[in-house]
Amino acid sequence: MFKQLKKYLPLLRKYEFILSSTLVIIFTLFLSAKLLYPNFLKANEIYANKSELKSKLLRLNQKENKLNALNLNLLKTNFIKLNNVIPSQKDYVLLFETLDRLETTTGVSIVRTDFQLGTVSTTSAKLKKESVNGVFKLPVSVEAVGNYDSMILFLTYLSNLTGRLITVDKIQLELSDVLLTKIHISGSAYYNPFPSSIGKVDATLKDLNDDLEDLYQQILENQADVNLIEEPQEVPLGSQDLFFK
Amino acid sequence: MARKTINLLIRRQEETLAYQRLRKFSPIVAATFLTLFLITYLISLIYIAVNSRDYNNLKSEVEISEKRVSDKKATEGVYLATVNLLDLIKKIKKQDTQEVAVIFPELYSLQSSNTQINTAAIDNKGAVNLNITSFSLDSLEELVNQLKSKEESANFKSIKAQGILREKDGSYTLTITLNVMK
């Protein structure tokens, strides 16, 4: 074996510079692949994540500023009025209240009301799947008696946002008397269950554009004032001793 | 005897040009490679160290901000519900043309002292079905003329009369169907 090595020794001596340079280059390339390339990837990742974090921080700050500008108590009070227009559940009580108010306001006498009863006690998975624009419809039919003017008022006031929103699909009239008209209205009320989650913490808040703002003001003006029941912060405890006040 | 000279020196082999160049440049290239690697590696280490610190600071700022926004969850929930509900109401109101409330007065105006609407059915797509009694031939003619004029003024289209009955007292009962175009 040594004789064989001795045979190659002159060759090695002749090309020693080239061989050692090649070895250094190969070793450098190996180190680049093992050390430099992972560092490069990590640096890239840090840069990308930093950019993402910066934009997330900006979104969060904007959202925080918007939320700080809102008054929770006022929002809650106003939401009660909005909820009267389209409640989160079928809410038959609100429907009757609306019809009673319309009776008083317009002078019409409501003879009969029919609506889809469905499940009264629970609003879980048994909610009817039929939905329009993402809101659930509640078919309603009303029979009323009144004169011409009160009928027109009644038809207009059904969707004027003073109470529950009821849209009219069809009417049938019977003019039995010169002054009195009997009307049968088929329409729909609506309800919209609350969503189960409000989305990600850094999701952008939707703005109230001019149209929605006008609609909001219209509903707040048309609806009757509501009083928000203040929840007591502390419940006072009674005396420990029955015999001393 | 003639002198014989023996040259013991090994004749130097001529080096090729390629070999000369390779011998000259390979150490330079190797040194350059190594230097470049060292410099780049050092830069990458410094960049990672500096940016990791910045990244961690940014991450903790984001966490603090997320906590502050999460504390306002109640406000966010009510606000989102408000906007969502307003959007829904707007969509429903847009679809609700209140066609019925608009058509009803037009039909009611067909009535007179000699013409009476017995029953009427109106739907929100504009389809109308009327049952009318006219107490004389003249009032029936007047009704027809009114309907013709409402073709222009109130967009009454496809006006059809059917089932005309002449009663014993001289009145006429008929069914009219029409469509009111928007």
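Each chain gets a letter, A, B and so on, in the order the sequences are listed, and its residues count up from 1.
Residue B:Thr75 holds its OG1 atom at 8.5 Å from CG of A:Asn68, rounded to the nearest 0.5 Å. Atom CG of A:Leu82 and atom CD1 of B:Ile89 lie 5.5 Å apart (nearest 0.5 Å). Atom OH of B:Tyr41 is separated from atom CG of A:Leu35 by 4.5 Å, given to the nearest 0.5 angstrom. Expressed to the nearest 0.5 Å, how far NZ of B:Lys72 lies from NZ of A:Lys63 amounts to 12.5 Å. Note that CZ of B:Phe33 and OG of A:Ser32 are 8.0 Å apart. Values are rounded to the nearest 0.5 Å.
With a threshold of 4.5 angstrom between heavy atoms, A:Asp202 does not approach chain B through any atom at all. Of the atoms belonging to B:Leu22, heavy atoms from both backbone and side chain fall under 4.5 Å from chain A. For a residue to count as touching a neighbouring chain, one of its non-hydrogen atoms must lie under 4.5 Å from one of that chain's; by this rule A:Ile183 does not touch chain B. Only the side chain of B:Tyr47 comes within contact range of chain A, judged by heavy atoms closer than 4.5 Å. Proximity to chain B (any heavy atom under 4.5 Å) is shown, for A:Val201, by both the backbone and the side chain. Residue contact with chain B, scored on non-hydrogen atoms closer than 4.5 Å, involves the backbone and the side chain of A:Lys54 alike. For a residue to count as touching a neighbouring chain, one of its non-hydrogen atoms must lie under 4.5 Å from one of that chain's; by this rule A:Phe17 touches chain B with backbone and side chain alike. For B:Lys93, the part lying near chain A is the side chain, with the backbone staying farther off; criterion is any non-hydrogen pair under 4.5 Å. With a 4.5 Å cut-off on non-hydrogen atoms, A:Asp211 touches chain B through its side chain but not through its backbone. Of the two parts of B:Asn129, neither the backbone nor the side chain holds a non-hydrogen atom closer than 4.5 Å to a non-hydrogen atom of chain A.
For chain B, the option among A:Asp169, A:Asp207, A:Leu29 with the highest count of heavy-atom pairs below 4.5 Å is A:Asp169. For the options A:Leu158, A:Thr156, A:Leu205, heavy-atom pairs under 4.5 Å to chain B are most numerous at A:Leu205. Of all the listed residues (A:Leu31, A:Leu165, A:Leu208), the one sharing the greatest number of non-hydrogen pairs under 4.5 Å with chain B is A:Leu31. Top candidate by heavy-atom pairs under 4.5 Å with chain B, chosen from A:Ile26, A:Val24, A:Leu53, A:Thr167, is A:Leu53. Ranked by heavy-atom pairs under 4.5 Å with chain B, the list A:Gln172, A:Lys42, A:Glu16, A:Lys50 is led by A:Lys50.
Taking all atoms of both residues into account, the shortest heavy-atom contact from B:Ala30 to A:Ser21 is CB-O, 3.6 Å.
Side chain of A:Tyr190 to backbone of B:Leu88: no donor-acceptor contact under 3.5 angstrom is found.
Counting heavy atoms from C-beta on, the side chains of B:Leu85 and A:Phe79 come closer than 4.5 Å.
Using cut-offs of 30° and 60° for the angle between ring planes, the A:Tyr148 and B:Tyr108 rings count as parallel.
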